[in-house]
Protein chains: 2
Amino acid sequence: MQDGNALAVRLDDGLDEDKASGSREKGLNRVLQILEFLHATQRAIGIGDLAKAVSAPRSTTYTLVRSLVDAGLLEMAGDGNRVYFGKKLYLYGMDYVRGNDLLRRGRQEVDNLSRETGETSELCMLQSGRYTIVHSSPGTRPFRISSATGLQIPLPWTASGRLLLAGFERAVIEDMVSEDDLVLPDGRRLLLDDFIADIATSGAAGYCVTSGLVDAYTKCLAAPVFSAPGKVEATICLVVPIDTSGEKTDDLIAMLRERAARLSITG
Amino acid sequence: MQDGNALAVRLDDGLDEDKASGSREKGLNRVLQILEFLHATQRAIGIGDLAKAVSAPRSTTYTLVRSLVDAGLLEMAGDGNRVYFGKKLYLYGMDYVRGNDLLRRGRQEVDNLSRETGETSELCMLQSGRYTIVHSSPGTRPFRISSATGLQIPLPWTASGRLLLAGFERAVIEDMVSEDDLVLPDGRRLLLDDFIADIATSGAAGYCVTSGLVDAYTKCLAAPVFSAPGKVEATICLVVPIDTSGEKTDDLIAMLRERAARLSITG
DNA sequence: AGTATCTGTCTTGTATAGAGTACATGTGTC
DNA sequence: GACACATGTACTCTATACAAGACAGATACT
């Protein structure tokens with residue numbers, strides 16, 4: 001592996017990584033970076049490469065990985081000297097689901113929706129200032145739009161993003177959305193003001209539709225799930241072909257809004 | 001802190017906790033203890049209480065929890081100043097499932113089994129030297145035997161435990177099984193030699209049945225899932241009423257073994 | 001009012017965890 | 001065989017992360 005950068009991934013987001021560089025770094029932070037990196041790459045990696053990837057000293061990485069493997073948060077992957085997430089993280093994740101009504105019911109509802117409509121359906125939330133697909137159910141189309149659970153996408157690219165930011169101060173939104181986030185995959189550039197206006201109208205309307213934003217062939221319908229009046233905790237959304245008729249789209253939106261309302265906690 | 005033990009939970013297992021006590025402790029270890037404690041208690045807890053529970057200084061606990069909350073591994077629970085597992089752990093857990101064929105297929109198979117037989121079915125694995133219920137599907141009996149995912153039970157109490165230890169050295173087994181583990185819930189005491197003999201016969205037979213071990217009313221049927229010839233990676237098991245007829249038991253065992261074989265990777 | 005017990009933040013000294021470096025071992029290539 | 005480049009472990013040295021304690025603000029009970 002001469003290039004080694006085949007694994008290059010955006011890490012410099014949630015945790016501000018590099019700072020003054022050369023300096024000594026807290027072990028816990030290194031661990032958080034390791035986990036974040038594994039989440040981004042979605043595959044097992046050798047310890048040496050891992051050290052490079054999170055730009056940590058090799059010796060440190062070895063000791064940290066040993067701790068994590070002993071604790072079961074990481075596991076040595078089958079073929080020898082690679083590590084990936086471990087069973088413990090799965091167990092903790094299940095604990096989270098159990099303690100979180102919204103997630104549990106939301107997953108169920110999303111599965112139902114995709115089965116009933118045949119379209120890809122997703123449950124989305126804000127995760128440390130970023131849009132995250134928390135659960136996704138594929139739908140039955142021959143060429144289905146796949147998007148992995150846990151994928152993080154810039155907020156302005158999505159319908160759900162517009163709903164999730166409802167009620168936030170302008171300053172907070174500016175903080176969450178980087179310049180890069182405003183550039184769509186096809187190179188087009190959104191204006192921050194337009195985006196903020198979209199947020200307001202979507203919030204008022206109680207749903208949001210975006211067409212051809214992340215790609216040219218799909219349209220995204222989303223409805224907000226409230227954890228308290230005015231507070232959007234999550235969204236459920238459907239990804240449909242962009243040429244879906246207006247009538248059908250309206251039906252799906254109505255369906256989506258009804259399900260979202262059922263999931264909401266109307267305190 | 002004279003009492004404070006309302007929250008006392010067995011923590012002194014995987015990680016050897018107390019050691020020389022008064023001494024300074026690595027932040028990462030404290031974090032691992034915190035996660036383990038939350039997993040054991042299965043509920044949100046105040047930061048002050050958390051500090052007591054893992055016997056860490058309050059100030060340290062505050063900083064660690066802040067880091068973990070910022071990273072999304074923990075979340076402040078709804079009502080104010082309590083913490084519990086966060087979304088990130090769920091996402092990491094899903095990554096684990098995705099990267100782990102056996103777990104993914106095993107969950108599926110267990111769900112099928114419990115639907116087809118109506119009995120409680122479980123997927124079990126060794127997790128840092130302890131028996132762990134990795135996935136469990138309830139079955140349809142009016143009074144069903146419930147056992148939570150992630151629950152850890154002494155190996156000698158279970159049929160799966162006997163299969164999971166197949167092929168291990170006697171010394172290793174002695175190391176994994178404490179004196180307490182040999183005492184059943186009703187007070188009866190198993191002999192280590194008998195247990196080790198059970199392991200051998202179960203391994204040879206390719207299945208294991210235990211009756212009335214954890215409680216007087218149930219019988220546990222288990223079959224091994226292999227990750228390589230001779231290496232037991234997991235078990236699938238059925239929990240049935242103790243008075244299930246011999247004939248029906250035999251049928252279920254045959255079914256179980258067939259499913260387990262299908263899950264196995266026969267290198 | 002006074003007392004007691006929380007929570008959350010901040011500051012300071014020092015034990016120690018992390019960084020750097022070296023070395024033994026393994027593997028592939030020329 | 002010599003070289004380049006991995007992995008995994010072991011060793012010091014010192015910058016700093018942890019621990020302890022003080023502090024202000026809440027809440028609660030007498």
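We name chains A, B, ... by the order of the sequence lines, and we start the count at 1 in each one.
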### Query
Among C/dA19, C/dG8, D/dA17, which nucleotide sits nearest the side chain of A/P57?
C/dA19
### Message
Between C1' on D/dA17 and NZ on B/K26, what's the gap in Å once rounded to a whole number?
### Response
12 Å
### Query
Under the side-chain hydrogen bond (donor to acceptor under 3.5 Å, both in side chains) criterion, do A/S67 and A/D70 qualify, and how do the steps go?
CA-CA 5 Å; A/S67 286; A/D70 287 350; 6.0 Å; no
### Summary
Atom CG of B/N81 and atom C1' of D/dA26 are separated, to the nearest Å, by 11 Å
### Query
Expressed in angstrom and rounded to an integer, what is the separation of A/K52 atom NZ from D/dC5 atom P?
11 Å
### Query
How is A/R66 classified with respect to the nucleic acid when contacts are heavy atoms under 4.0 Å: base, sugar-phosphate, or nothing?
sugar-phosphate
### Task
Report the distance from atom CG of A/N29 to atom C1' of D/dA17, rounded to the nearest whole Å.
11 Å
### Task
Examine distances only and state if a side-chain atom of A/D49 and a backbone atom of A/G46 form a donor-acceptor pair shorter than 3.5 Å.
no
### Query
Which nucleotide sits closest to the side chain of B/E25: C/dT7, D/dA15, D/dA19?
D/dA19
### Task
Please report, rounded to the nearest Å, how far the P atom of C/dT21 is from the OH atom of A/Y62.
18 Å
### Query
Are there more than 12 heavy atoms of other residues, nucleotides or ligands under 6.0 Å from atom CZ of B/R66?
no
#### Entry: Euclidean distance, atom CG of residue B/L50 to atom P of C/dC6 [Å, nearest integer]
15 Å
### Query
Is a donor-acceptor contact shorter than 3.5 angstrom present between the side chain of B/R24 and the base of D/dA19?
no
### Message
Taking the nucleotide of DNA chain D with the nearest heavy atom to each, does A/G27 or A/S59 sit closer to the 5' end?
### Response
A/S59
### Task
Compare the minimum distances between each of C/dA19, D/dC18, D/dG8 and the side chain of B/T60, then state the nucleotide with the smallest one.
D/dC18
### Query
In whole angstrom, what separates A/I47's CD1 from D/dC5's P?
21 Å
#### Entry: Spacing between A/R30 atom CZ and C/dG18 atom P, to the nearest angstrom
9 Å
### Query
In terms of the nearest nucleotide of DNA chain C, which residue is placed more toward the 5' end: A/L28 or A/R58?
A/L28
### Query
Where do A/L50 and A/I45 come nearest, in terms of heavy atoms and distance?
N-CD1, 3.7 Å
### Task
Determine whether the side chains of A/Y90 and B/Q127 contain a donor N or O and an acceptor N or O closer than 3.5 Å.
no
